[in-house]
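So that the names make sense, note that chain A is the first sequence line, chain B the second, and so on, each numbered from 1.
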Amino acid sequence: MPYDHQSIEKKWQKKWEESPESQGDDSDQDTLYHLVMFPYPSGSGLHVGHVESYSAVDMLTRMERMRGKKVLFPMGYDAFGLPAENYAIKTGVHPAQTTAKAIETFRTQLKSIGLSFDWDREVSTADPDYYRWTQWLFLLFFKNGLAYRAKSPVNWCTSCTTVLANEQVVSGACERCDSEVIQKELEQWFFKITDYAERLLTGMDTIDWPEKIKAMQRNWIGKSVGATVDFSVVDHDATVSVFTTRPDTLFGATYVVLAPEHALVDQLVADESRTDVEAYRVAAGKKSALERTELQKVKTGVFTGAYAINPVNDEKIPIWIADYVMVTYGTGAIMAVPAHDERDFEFAKKYKLPIKKVVEPPVLQEVMNPDVGISNGAQTQVKIITDCFTSDGTAVNSGLLDCLKTNEAKEKINGWLTENGLGGAKTTYRIRDWLVSRQRYWGAPIPIIWCESCGPQPVPENQLPVVLPNDVDFKPTGESPLVGSKTFHDVTCPACSAPARRESDTMDTFVDSSWYYLRYCDPKNDQAFADREKIDNWCPVDLYVGGAEHAVMHLLYARFFSYALHDLGYVGYEEPFVKLRNQGLILGPDGDKMSKSKGNVVNPDEIVSQYGADSIRLYEMFLGPLEDEKPWDTKGVVGVRRFLEKVWKLQDIIVLEPVEGLETQLHKTIKKVTGDYEELRFNTAIAKLMELTNAATSAGKIGRDQYAVLVQLLAPLAPHLSEELWELLGHKESIFTSTWPTFDPKKIVDTQIEMGVQVNGKVRGSVVLAPDASEDEAMAAAHADENVTKYLDGKDVMKIIYVPGRILNIVVK
RNA sequence: GGGCGAGUGGUGAAAUUGGUAUACACGCUAGCCUUAGGAGCUAGUGCCGCAAGGCGUGAGGGUUCGAGUCCCUCCUCGCCCACCA
């Protein structure tokens with residue numbers, strides 16, 4: 001009987017559907033929560049990249065369940081979002097229809113690869129029963145001061161006349177129509193993620209995440225320790241406050257720069273400079289974010305005609321505006337110290353501004369290698385960029401700071417600034433509050449009602465969800481399509497009953513995905529987003545797997561939500577995802593990123609029908625380490641398919657008694673495979689299973705119980721085939737109700753091992769020995785090897801290094 | 001400019017963490033079988049060399065009995081961030 005993947009996979013998928021494996025009730029003690037990033041249900045269906053991460057976690061989940069753990073492993077859909085809405089603009093087909101159809105397709109595809117999701121817990125963010133709680137969470141944040149409304153510059157597409165999210169701006173242009181994106185000042189809704197900047201930073205020390213993701217989040221949060229310094233303005237009743245990380249260089253400040261958008265510019269600018277300053281501000285405002293950052297080669301600026309007083313030495317220094325200073329960072333103003341900052345140096349040279357040296361570089365010093373204890377001759381050369389020195393050193397020309405090292409000088413000047421009420425130590429963060437409102441249709445409506453007299457009022461909880469209306473025109477106008485819906489827009493104020501209007505913006509879809517893993521814990525609950533006990537039973541998530549592209553968006557937002565919900569008493573922990581792993585991109589066969597335009601997209605359906613679900617699962621895991629980028633090679637699928645066929649054929653050579661010669665290898669395989677699965681190292685686990693299969697094939701026989709163990713080890717990877725073989729072995733119950741095999745430590749000890757013999761460090765032969773053989777025995781064996789003795793003849797043995805079981809090295813002269 | 005990571009056969013990749021480099025698989029070569037095969041089986045396959053032997057993990061140094069692995073100096077590639085004061 002040949003291995004017929006199609007009938008086997010159909011048969012078992014049907015059985016799993018009819019009697020899904022119990023995932024345990026919510027009061028179980030021995031629980032794990034395995035999570036994969038839920039997909040956006042795109043019209044093009046499941047991608048091989050989805051298969052990669054879902055298969056990996058499915059395998060670990062199946063093993064843990066066989067080891068007696070209750071594992072929550074849910075799936076859902078991140079169903080709101082732009083593509084469906086854009087499709088509606090083009091075709092008039094309602095996003096709800098497009099999305100529902102795509103979800104159908106995804107579900108069918110996911111089931112076709114035999115993933116053991118708990119389908120009872122499936123969620124969709126576009127479902128009113130889901131977004132009702134997204135809205136509820138918005139109101140929770142609103143009532144607790146974590147959601148607020150403010151004016152802010154946002155990305156504006158001139159052609160689509162609509163706001164774009166940062167991620168929808170590609171190289172300064174609209175991703176949809178490729179036209180220019182400019183900055184526009186609009187009033188928007190924000191979440192106060194900045195309140196959590198420090199905790200989001202320090203919390204990372206407690207979680208097992210890839211260093212790369214942590215680094216990206218740290219960089220995004222952008223903590224910077226320094227000081228503020230207040231400069232009074234000559235002939236004006238005004239103070240310019242600047243932020244600097246080098247307060248120790250205050251004596252070297254020779255001018256002050258404000259961002260063009262800085263609020264004080266209007267007040268300070270001298271009449272004779274007004275025309276120039278205005279022209280510069282207009283020009284800067286027109287520049288896109290792209291131009292302002294990428295055309296950084298040339299710095300430009302304009303003198304305002306005003307002067308500031310350096311508080312530490314009473315020097316009168318000019319105030320400039322320049323767009324190399326960002327209004328959004330620090331105080332939007334800097335003190336320029338050209339002698340010790342490259343940007344200021346460049347600017348000062350261009351505009352002939354004075355450069356004053358206040359830090360002396362340290363002298364050259366010899367560095368001792370602490371490991372060796374002797375000088376290795378390496379030296380640290382101080383970095384001198386022509387006349388600009390940016391490293392630490394010793395203060396000079398700095399009055400009270402003279403002769404102090406940079407660190408000491410910082411401390412001293414900060415104290416002085418504080419004492420004199422002129423500023424002092426200050427830490428800033430680069431992260432900005434999260435802009436969550438979108439002038440879009442296909443998202444969760446923001447549950448706020450605007451009243452002339454009462455201001456923004458939360459929609460009463462018993463009126464949630466605020467359901468998306470259907471009487472809308474999707475054509476972009478610059479306003480949310482919801483404005484056009486009379487049934488939606490015109491309401492009464494919940495506080496005073498006066499006529500009022502409903503907020504017409506919807507929420508960023510990242511709000512939906514910031515809490516979805518909580519909904520899985522209790523997906524049918526209509527009293528709360530989830531029951532606290534159920535959350536605490538499963539959460540935090542033990543293992544989270546998904547793409548690295550979400551490093552500073554979803555993964556940061558979800559952490560913020562978790563911290564906020566913790567503080568408000570809704571969850572019992574701060575960090576939501578204890579362990580995170582990123583799957584590497586699967587590239588096209590040509591080594592390029594898969595894309596429709598390149599025509600190198602591999603459709604998993606075709607692989608499933610031709611080779612089988614078990615083969616595609618196994619193949620994607622066998623490709624290489626989960627976290628690496630790997631090119632797809634359809635020919636490689638043949639290899640794992642052959643392996644499955646070999647396993648299938650082993651049925652023909654089953655014997656009743658265990659085959660002695662396979663016993664050690666079997667137990668070593670149990671050990672290796674179990675450990676590898678735990679670490680998500682499926683490629684080496686599969687290789688080990690192949691070796692065992694090859695060994696059994698060569699031996700021409702395998703014991704019935706030995707075969708059963710092999711099938712069990714294979715079960716998480718190739719669930720359909722393993723179920724079938726398990727049944728053929730005479731079992732009535734699913735293989736996944738069986739107990740995961742354990743190895744016998746006594747059986748993994750080799751009685752004989754092959755060991756290399758080196759002469760002067762070069763391998764010259766090998767000997768077969770007991771692993772605990774004595775040095776004399778090892779030497780005797782080595783002398784019996786003529787290739788070894790050839791190199792020993794006529795030489796004196798100086799030294800013998802013998803590491804039992806590892807190596808014998810004979811040093812001769 | 002900053003951060004993270006990687007360079008091993010023709011290809012995807014292994015290497016018990018300092019102990020016989022290239023496991024496993026693809027591909028390729030030869031042979032067998034077959035009407036045929038994008039099927040199966042057997043053997044071979046790092047490089048140079050007829051051989052003995054030599055050389056081999058991006059390059060060059062170092063430590064060590066022994067280095068893909070540790071240390072130093074470089075080179076190349078990938079990803080992310082970037083006028084952040």
Side-chain angles (χ1 to χ4, degrees), chain A residues 210-216 218-220 222-224 226 242-247 249 257 259 292-299 322-326 328-337 340-344 346-347 367 369-372 376-378 390 428-431 548-549 551-552 584-585 591 619 622-625 627-640 642-643 645 649 668 671-672 675 681 683-691 693-694 754-767 798-803 805-812:
Chain A
E211 202 42 53
K212 183 183 159 187
I213 303 292
K214 288 190 183 181
M216 284 168 76
R218 279 191 203 102
N219 184 266
W220 190 261
K223 182 178 182 174
S224 192
V242 305
F243 175 73
T244 177
T245 53
R246 291 295 300 272
T249 62
V257 188
R292 222 169 133 161
T293 54
E294 289 211 346
L295 302 178
Q296 59 184 260
K297 310 283 174 276
V298 194
K299 286 185 177 46
D323 65 5
Y324 80 93
V325 175
M326 307 289 125
T328 52
Y329 186 74
T331 60
I334 62 157
M335 64 176 205
V337 185
H340 306 289
D341 181 282
E342 287 178 52
R343 295 153 305 193
D344 298 343
E346 193 192 317
F347 192 82
V367 171
N369 183 330
D371 293 335
V372 185
N376 60 9
T390 59
T428 64
Y429 299 87
R430 200 173 312 164
I431 190 171
E549 68 273 15
V552 288
L585 220 51
Y619 172 65
F622 188 56
L623 260 180
E627 314 209 5
D628 287 7
E629 257 188 12
K630 305 152 288 244
W632 178 277
D633 175 14
T634 299
K635 275 185 264 173
V637 184
V638 172
V640 294
R642 281 182 194 147
F643 162 62
E645 286 186 13
K649 283 186 195 157
K668 280 183 170 176
K671 185 181 182 195
K672 170 80 175 159
R681 288 188 304 237
N683 53 332
T684 48
I686 294 166
K688 212 70 190 168
L689 291 169
M690 285 173 168
E691 286 182 55
T693 305
N694 291 344
E754 202 185 342
M755 188 183 77
V757 177
Q758 298 179 328
V759 178
N760 286 346
K762 287 202 188 287
V763 179
R764 297 301 183 189
S766 75
V767 293
M798 307 300 290
K799 195 173 176 184
I800 295 165
I801 288 105
Y802 175 55
V803 183
R806 292 278 170 82
I807 200 77
L808 175 66
N809 188 9
I810 305 161
V811 184
V812 297

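At a threshold of 4.0 angstrom between heavy atoms, the contacts of A/G756 include nucleobase atoms, whether or not backbone atoms are also involved. The residue A/I801 sits close to a base: some heavy atom pair falls under 4.0 Å. If you check every strand for non-hydrogen atoms under 4.0 Å, A/M335 touches nothing. Among the protein residues, A/Q758 comes within range of the nucleic acid bases, having at least one heavy atom under 4.0 Å from a base atom. Using a 4.0 Å heavy-atom criterion, one finds that A/E629 contacts the sugar-phosphate atoms exclusively. A/R764 comes within 4.0 angstrom of the backbone, heavy atoms only, and of no base. Among the atoms of the strands shown, none is found under 4.0 Å from any heavy atom of A/P210.
Pair check for B/A30 finds B/U42; Watson-Crick or G-U wobble, both atom distances under 3.5 Å. Pairing partner, B/G1: B/C81, with both Watson-Crick or wobble hydrogen-bond distances short of 3.5 Å. Checking B/A6 for Watson-Crick or G-U wobble geometry (two distances, each under 3.5 Å) identifies B/U76 as its partner.
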Please assess A/D344 against A/I334 for the test side-chain contact (heavy atoms from CB on, under 4.5 Å), listing each intermediate value before the final yes or no.
-> CA-CA 10 Å; A/D344 298 343; A/I334 62 157; 3.6 Å; yes

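Dashed line: the shortest gap from a side-chain N or O of A/K799 to OP1 or OP2 of B/C65 is under 4.0 Å. For the OP1/OP2 pair of B/A25 and a distance below 4.0 Å, the side-chain nitrogens and oxygens of A/N694 include at least one atom meeting the criterion. For the OP1/OP2 pair of B/C24 and a distance below 4.0 Å, the side-chain nitrogens and oxygens of A/N683 include no atom meeting the criterion. Listed pair A/S224 / B/A85 meets the phosphate criterion, a side-chain N or O lying under 4.0 Å from OP1 or OP2. Residue A/Y324 places no side-chain N or O under 4.0 Å from the OP1 or OP2 atom of B/A85. OP1 or OP2 of B/G40 lies within a sub-4.0 Å distance of a side-chain N or O belonging to A/R642. Phosphate proximity of B/C83 to A/R430: absent, as no side-chain N or O sits under 4.0 Å from OP1 or OP2.
Here B/G5 presents its P atom at 10 Å from NZ of A/K212, a figure rounded to the nearest Å. Protein atom CZ of A/R806 is 12 Å distant from nucleotide atom C1' of B/A15, rounded to whole Å.
Across A/A336 and A/V257, no two heavy atoms sit closer than the pair CB-CG2, 4.4 Å. Here the closest heavy-atom approach between residue A/F243 and residue A/S224 is recorded as CZ-O, 3.7 Å.
Checking side-chain atoms of A/K799 against main-chain N and O of A/N809 turns up no donor-acceptor pair under 3.5 Å. A/Y619 places a side-chain N or O within donor-acceptor distance of the main-chain N or O of A/D633, the cut-off being under 3.5 Å.
Taking atom C1' in both B/G54 and B/U34, one finds a spacing of 45 Å when rounded to whole Å. When the C1' atom is used for both B/U63 and B/G18, the distance is 12 Å, rounded to whole Å. Between B/C28 and B/G10, the distance separating the two C1' atoms is 8 Å to the nearest Å. For the P atoms, the distance linking B/C41 with B/C26 amounts to 10 Å, nearest Å. The separation of B/U11 from B/C65, taken at their P atoms, amounts to 36 Å, rounded to a whole angstrom. Nucleotides B/C70 and B/G5 place their P atoms 13 Å apart, quoted to the nearest Å. Annotation: B/G46 and B/G27 have their C1' atoms spaced 15 Å apart (nearest Å).
Listed nucleotides B/G27, B/G19, B/U20 differ in distance to A/V803; the shortest reach to its side chain belongs to B/G19.
For B/U17, the base is syn relative to its sugar; the glycosidic angle is within 90° of 0. Base orientation of B/G9: syn, since the glycosidic angle falls within 90° of 0.
Counting distance only, with no hydrogens placed and no angle test, the side-chain atoms of A/N809 and the base atoms of B/C65 include a donor-acceptor pair under 3.5 Å.
Looking at heavy atoms from C-beta onward, A/T390 lies out of side-chain contact with A/H340 at the 4.5 angstrom threshold.
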